[in-house]
Q: 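This is the structure I want to talk about, given as structure tokens.
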Amino acid sequence: MNSIFVRFKHIMNDYYSSEISKKVRIAFDDQRKEGKLVSAFAPYGYKKDPDDIHHLIIDSDVVHIVSNIFDWYISGMGVIRIAQRLNDLKILSPGMYRRKRGIYKSNHSRCGELWRPQTITKMLKNKTYIGCMDQKRHTTLDYKNRKKIYLKEDERILVKNTHQAIIEKETFEKVQSIFATMYTYSAV
């Protein structure tokens with residue numbers, strides 16, 4: 001009898017957890033649709049507004065680095081070379097910059113120590129830099145299965161003109177066309 005009660009209790013707890021998870025997802029999506037930041041960290045080049053943590057403001061300490069990354073890429077420098085240049089210049093990577101400012105604490109001593117080409121690629125493709133809140137790029141199946149599912153661009157939540165842009169739209173589009181050209185040639 002006790003065993004049946006324990007199983008029933010587990011079923012009820014599982015149901016309760018599932019319902020809470022669904023409600024939290026809906027609440028986060030509602031905030032995203034309003035153009036509010038729903039993330040633990042602001043993208044590199046921005047910081048959370050102290051008066052409203054769901055709003056981004058430009059981080060004047062590193063905004064020039066973001067601009068340089070886009071300019072270097074347009075001038076023909078690849079993502080590997082950009083990462084090398086930033087590391088050679090001893091520019092703190094986004095992870096190290098957050099740790100230095102006390103925003104991010106990691107148990108792993110070398111977490112995010114160096115700039116990586118993947119970081120540069122993500123930045124160059126991030127619409128946040130043109131003043132759009134581009135969120136929900138990935139999700140999970142449910143609260144039990146935490147495996148990331150990357151969403152197609154039309155499934156994401158994009159809200160335009162939510163904060164000040166760092167990069168001009170034309171510059172961003174030029175970078176995207178360079179990416180498209182690169183992938184076209186590499187697929188042939």
Q: Shortest non-hydrogen contact from Ile58 to Ala165?
A: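 In this case the closest contact between Ile58 and Ala165 is CD1-O, 4.0 Å.
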Q: If we check side chain to side chain donor-acceptor pair (under 3.5 Å) with Thr139, which of these qualifies: Arg25, Lys148, Arg156?
A: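 Per the side chain to side chain donor-acceptor pair (under 3.5 Å) rule, the option paired with Thr139 is Arg25, out of Arg25, Lys148, Arg156.
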Q: Can you list the steps and then say if Ile65 with Leu86 is a side chain to side chain contact (heavy atoms under 4.5 Å, CB included)?
A: CA-CA 9 Å; Ile65 297 166; Leu86 292 167; 3.9 Å; yes
Q: Run the side chain to side chain contact (heavy atoms under 4.5 Å, CB included) test on Thr140 and Ile149 for me, step by step, so that the C-alpha distance in whole Å, both residues' side-chain angles and the decisive distance to 0.1 Å come before the verdict.
A: CA-CA 6 Å; Thr140 57; Ile149 300 169; 5.8 Å; no
Q: Would you sort out whether Glu19 and Lys22 count as a salt bridge (charged side-chain N to carboxylate O under 4.0 Å, His left out), showing the intermediate values?
A: CA-CA 5 Å; Glu19 289 302 304; Lys22 288 175 189 171; 3.5 Å; yes
Q: If you round to the nearest 0.5 Å, how far is OG of Ser39 from CD of Gln31?
A: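 It is 12.0 Å, given to the nearest 0.5 Å.
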Q: Establish, yes or no, whether the cationic atom of Arg85 lies under 6.0 Å from the six-membered ring centre of Trp72 and within 45° of the ring axis.
A: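 Judged by the rule, Arg85 and Trp72 form a cation-pi pair.
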Q: Measure the CD-NZ distance between Gln176 and Lys169 for me, rounded to the nearest 0.5 Å.
A: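 So the CD of Gln176 and the NZ of Lys169 are separated by 11.5 Å.
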Q: May I ask you to test the Asp29-Lys136 pair for a side-chain heavy-atom distance under 4.5 Å?
A: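 Result yes, sub-4.5 Å side-chain heavy-atom pair found.
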Q: Do Tyr46 and Ile57 sit in one hydrophobic cluster, given that two such residues count as connected whenever their side-chain heavy atoms are within less than 4.5 Å of each other, even indirectly?
A: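 In one cluster: no.
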Q: Tell me whether the count of non-hydrogen atoms from other residues, nucleotides or ligands lying under 6.0 Å of NZ in Lys174 goes above 12.
A: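 It does not: Lys174 NZ has 12 such atoms or fewer within range.
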Q: Before you tell me yes or no, could you show the steps for Lys47 and Asp61 under salt bridge (charged side-chain N to carboxylate O under 4.0 Å, His left out), namely the whole-Å CA-CA distance, both residues' side-chain angles and the distance that decides it to 0.1 Å?
A: CA-CA 10 Å; Lys47 57 186 176 181; Asp61 294 336; 5.9 Å; no
Q: Above 12 or not: heavy atoms from other molecules or residues under 6.0 Å from CD of Gln164?
A: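 Counting other residues, nucleotides and ligands, CD of Gln164 stays at 12 neighbours or fewer.
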Q: Please check this pair: side chain of Thr121 against backbone of Pro117, looking for a donor-acceptor N/O pair closer than 3.5 Å.
A: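 Answer holds: yes.
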Q: Calculate, to the nearest 0.5 Å, the distance between atoms NE2 and CD1 belonging to His64 and Ile69 respectively.
A: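 Result: 10.0 Å between the selected atoms.
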Q: Is it the case that more than 12 heavy atoms not belonging to Glu168 sit under 6.0 Å from its CD atom?
A: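 Open.
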Q: Can you check whether Asp14 reaches Lys144 side chain to side chain, under 4.5 Å on heavy atoms?
A: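 Side chain of Asp14 against side chain of Lys144, heavy atoms only: contact under 4.5 Å found.
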Q: At what distance, to the nearest 0.5 angstrom, does CG of Asn68 lie from CG of Asp71?
A: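 Taking CG in Asn68 and CG in Asp71, the distance rounds to 6.5 Å.
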Q: Between Pro94 and Thr119, what is the shortest heavy-atom contact and its length?
A: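 The pair with the smallest heavy-atom distance is CG-CG2, 4.0 Å.
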Q: Verify the cluster assignment for Leu158 and Met133: are they in a single hydrophobic cluster under the rule of side-chain heavy atoms below 4.5 Å apart?
A: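 Different hydrophobic clusters.
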Q: Does the Gln135 side chain pair with the main chain of Lys36, one donor and one acceptor, at a distance under 3.5 Å?
A: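 Checked: pair present.
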Q: Establish, from distance only, whether the side-chain atoms of Asn126 and Arg137 form a donor-acceptor pair under 3.5 Å.
A: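 Asn126 vs Arg137: donor-acceptor pair found between side chains.
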Q: Are the side chain of Lys48 and the backbone of Ala40 linked by a donor-acceptor contact shorter than 3.5 Å?
A: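 Here the side-chain-to-backbone pair exists.
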Q: Taking all heavy atoms of Trp115 and all of Ile91, pick out the closest pair and write down the distance.
A: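 Looking at all heavy atoms of both residues, the closest pair is NE1-O, 3.0 Å.
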Q: Above 12 or not: heavy atoms from other molecules or residues under 6.0 Å from CZ of Phe28?
A: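 Not buried by this count: 12 neighbours or fewer within 6.0 Å.
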Q: In this structure, is the centre-to-centre distance between the rings of Tyr129 and Tyr44 below 6.0 Å?
A: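 No, the ring centres sit 6.0 Å or more apart.
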Q: Run the numbers on Glu153 and Lys127 for salt bridge (charged side-chain N to carboxylate O under 4.0 Å, His left out), then give the verdict.
A: CA-CA 11 Å; Glu153 196 156 335; Lys127 292 181 181 175; 2.3 Å; yes
Q: Ser21 side chain to Ser17 main-chain N or O, any donor-acceptor pair under 3.5 Å?
A: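 No: the side chain of Ser21 does not pair with the backbone of Ser17.
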Q: Is there a continuous path of hydrophobic side-chain contacts, each under 4.5 Å between heavy atoms, that joins Leu89 to Phe70?
A: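 Same cluster: Leu89 reaches Phe70 through Ile, Leu, Val, Met, Phe, Trp or Tyr contacts under 4.5 Å.
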Q: Considering all heavy atoms of both residues, which atom of Ser67 and which atom of Ile166 are nearest to each other, and what is their separation?
A: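 Between these two residues, the closest heavy atoms are OG-CG2, 3.9 Å.
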Q: Is NZ or CZ of Arg98 both nearer than 6.0 Å to the six-membered ring centre of Phe41 and within 45° of the ring axis?
A: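 Flagged: Arg98 positioned over aromatic ring of Phe41.
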Q: Nearest heavy-atom pair of Met96 and Glu113: which atoms, and what distance?
A: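 Met96 and Glu113 have their closest heavy atoms at CG-CA, 3.4 Å.
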Q: I would like to know whether Arg101 and Asp59 meet side chain to side chain contact (heavy atoms under 4.5 Å, CB included); could you show each step before the answer?
A: CA-CA 12 Å; Arg101 299 207 47 200; Asp59 185 344; 2.9 Å; yes
Q: Quick one: do Ile74 and Leu124 end up in the same hydrophobic cluster if we chain Ile, Leu, Val, Met, Phe, Trp and Tyr together by side-chain heavy atoms under 4.5 Å apart?
A: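 Looking at the clustering, Leu124 is in the same group as Ile74.
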Q: Hey, what do you get for CZ (Phe172) to SG (Cys132), rounding to the nearest 0.5 Å?
A: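 So the CZ of Phe172 and the SG of Cys132 are separated by 8.0 Å.
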Q: Testing the basics here: between Arg116 and Ala83, what is the closest heavy-atom pair and its distance to 0.1 Å?
A: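 Result for this residue pair: C-CB, 3.9 Å.
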Q: Would the number of heavy atoms belonging to other residues, nucleotides or ligands and lying under 6.0 Å from CD1 of Ile80 be above 12?
A: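 Counting neighbours around CD1 of Ile80, 12 or fewer heavy atoms of other residues, nucleotides or ligands fall under 6.0 Å, so no.
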Q: What distance do Ile53 atom CD1 and His55 atom NE2 have between them, rounded to the nearest 0.5 Å?
A: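 It comes to 13.0 Å.
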Q: Please assess Leu56 against Thr128 for the test side chain to side chain contact (heavy atoms under 4.5 Å, CB included), listing each intermediate value before the final yes or no.
A: CA-CA 9 Å; Leu56 294 175; Thr128 303; 3.7 Å; yes
Q: Does Phe179 have Lys125 sitting over its ring (NZ/CZ under 6.0 Å from centre, angle to axis within 45°)?
A: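 Geometry flag: set, cation within 6.0 Å and 45°.
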